[in-house]
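See structure below.
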Amino acid sequence: MNLHQIVSGAIGSVNPFIPIIVQQSTGYTQDANFHRVPTYNNIPTTGQVQALTGKDLRQLEALNVQGVNEAVYLNGNFEGVFRVLGKGGDLLIFNGYTYLVMAVLERWSDWCKLAVVMQMDSTP
């Protein structure tokens with residue numbers, strides 16, 4: 001049962017859903033100079049952006065990540081760095097900026113809560 005979907009209508013009246021493009025990492029290729037070039041699968045969706053809670057900030061404290069951090073709620077499951085399976089590096093594009101998924105704060109069967117940090121580059 002997707003509890004997030006059940007309550008999203010009520011939450012959306014206070015904090016509206018925004019369009020988000022998830023750039024799901026698919027690995028990399030090599031350019032002519034043998035440099036790694038990341039590749040992505042673009043997935044258009046909507047999500048909710050909120051501030052990180054005190055608990056979230058304590059969980060992320062050891063990562064020593066500075067910058068503009070947000071929490072994003074999305075339907076589906078996306079990854080921070082997951083070294084065991086060789087996954088990670090997913091990006092989110094919203095409000096004209098690119099954000100890197102630095103941690104999965106909550107993972108359920110149908111939705112997830114991600115901690116993201118704004119990247120220095122702007123969206124293409």
Side-chain angles (χ1 to χ4, degrees):
M1 175 172 21
N2 187 341
L3 294 176
H4 185 260
Q5 191 68 34
I6 293 169
V7 300
S8 64
I11 295 170
S13 65
V14 176
N15 182 17
F17 284 83
I18 62 169
I20 295 175
I21 296 174
V22 178
Q23 289 190 315
Q24 193 169 35
S25 177
T26 57
Y28 66 92
T29 59
Q30 291 184 342
D31 65 11
N33 295 321
F34 301 100
H35 296 120
R36 288 183 172 191
V37 178
T39 58
Y40 300 97
N41 181 25
N42 288 345
I43 303 169
T45 187
T46 59
Q48 292 179 311
V49 179
Q50 297 182 15
L52 292 165
T53 65
K55 179 182 173 189
D56 297 338
L57 291 171
R58 282 190 298 280
Q59 186 174 346
L60 299 172
E61 198 171 74
L63 294 178
N64 196 25
V65 176
Q66 297 179 1
V68 177
N69 302 317
E70 305 280 359
V72 179
Y73 292 83
L74 293 174
N75 284 320
N77 283 303
F78 300 98
E79 304 290 345
V81 174
F82 195 171
R83 297 192 193 282
V84 174
L85 296 178
K87 291 183 172 184
D90 291 352
L91 301 172
L92 304 183
I93 300 172
F94 59 90
N95 294 337
Y97 296 97
T98 303
Y99 292 79
L100 174 67
V101 176
M102 61 180 165
V104 178
L105 299 172
E106 293 184 49
R107 181 188 312 274
W108 298 90
S109 60
D110 299 339
W111 64 276
C112 61
K113 177 182 179 184
L114 307 173
V116 297
V117 62
M118 185 185 288
Q119 301 300 285
M120 292 184 66
D121 59 58
S122 60
T123 57

Handout entry: Close side-chain approach of Leu52 and Leu105, heavy atoms under 4.5 Å
Key = yes
Practice task
Assign the ring pair Tyr99 / Tyr97 to parallel, tilted or perpendicular, where the plane angle (0 to 90°) is split at 30° and 60°.
Solution key: perpendicular
Practice task
Starting at CD of Gln24, measure out to CG of Asn41 and round the result to the nearest 0.5 Å.
Solution key: 6.0 Å
Practice task
Check whether any side-chain heavy atom of Leu114 sits under 4.5 Å from a side-chain heavy atom of Leu74, and report yes or no.
Solution key: yes
Practice task
With rounding to the nearest 0.5 Å, note down the distance linking CZ in Phe17 to CG in Asn75.
Solution key: 7.0 Å
Exercise for the section: Give the minimum heavy-atom separation between Ala51 and Ala71, together with the two atoms involved. Expected result: O-CB, 4.1 Å
Problem - Cationic N near anionic O, under 4.0 Å, Lys113 to Asp56 - result: yes
Handout entry: Point-to-point distance, once rounded to the nearest 0.5 Å, from CD of Glu70 to CE of Met102
Key = 9.5 Å
Completion exercise
dist Thr29:OG1 -> Arg36:CZ (nearest 0.5 Å) comes out at 11.0 Å
Handout entry: Short side-chain to backbone donor-acceptor contact, Gln119 and Val117, under 3.5 Å
Key = yes
Exercise for the section: Using side chain to side chain contact (heavy atoms under 4.5 Å, CB included) as the criterion, point out the one residue from Asn95, Val72, Thr46 that pairs with Ile18. Expected result: Asn95
Completion exercise
Rounding to 0.5 Å, atoms NE2 (His35) and OH (Tyr28) come to a distance of 13.5 Å
Fill in the blank from the handout: From the list Asn69, Asp90, Leu92, Leu100, side chain to side chain contact (heavy atoms under 4.5 Å, CB included) partner of Val116 resolves to Leu92
Problem - Residue pair Thr26 / Tyr40: nearest heavy atoms and the distance that separates them - result: OG1-N, 3.6 Å
Handout entry: Asn15 (side chain) donor-acceptor with Val49 (main chain) under 3.5 angstrom
Key = yes
Practice task
Measure the CD1-OG1 distance between Ile93 and Thr98 for me, rounded to the nearest 0.5 Å.
Solution key: 4.5 Å
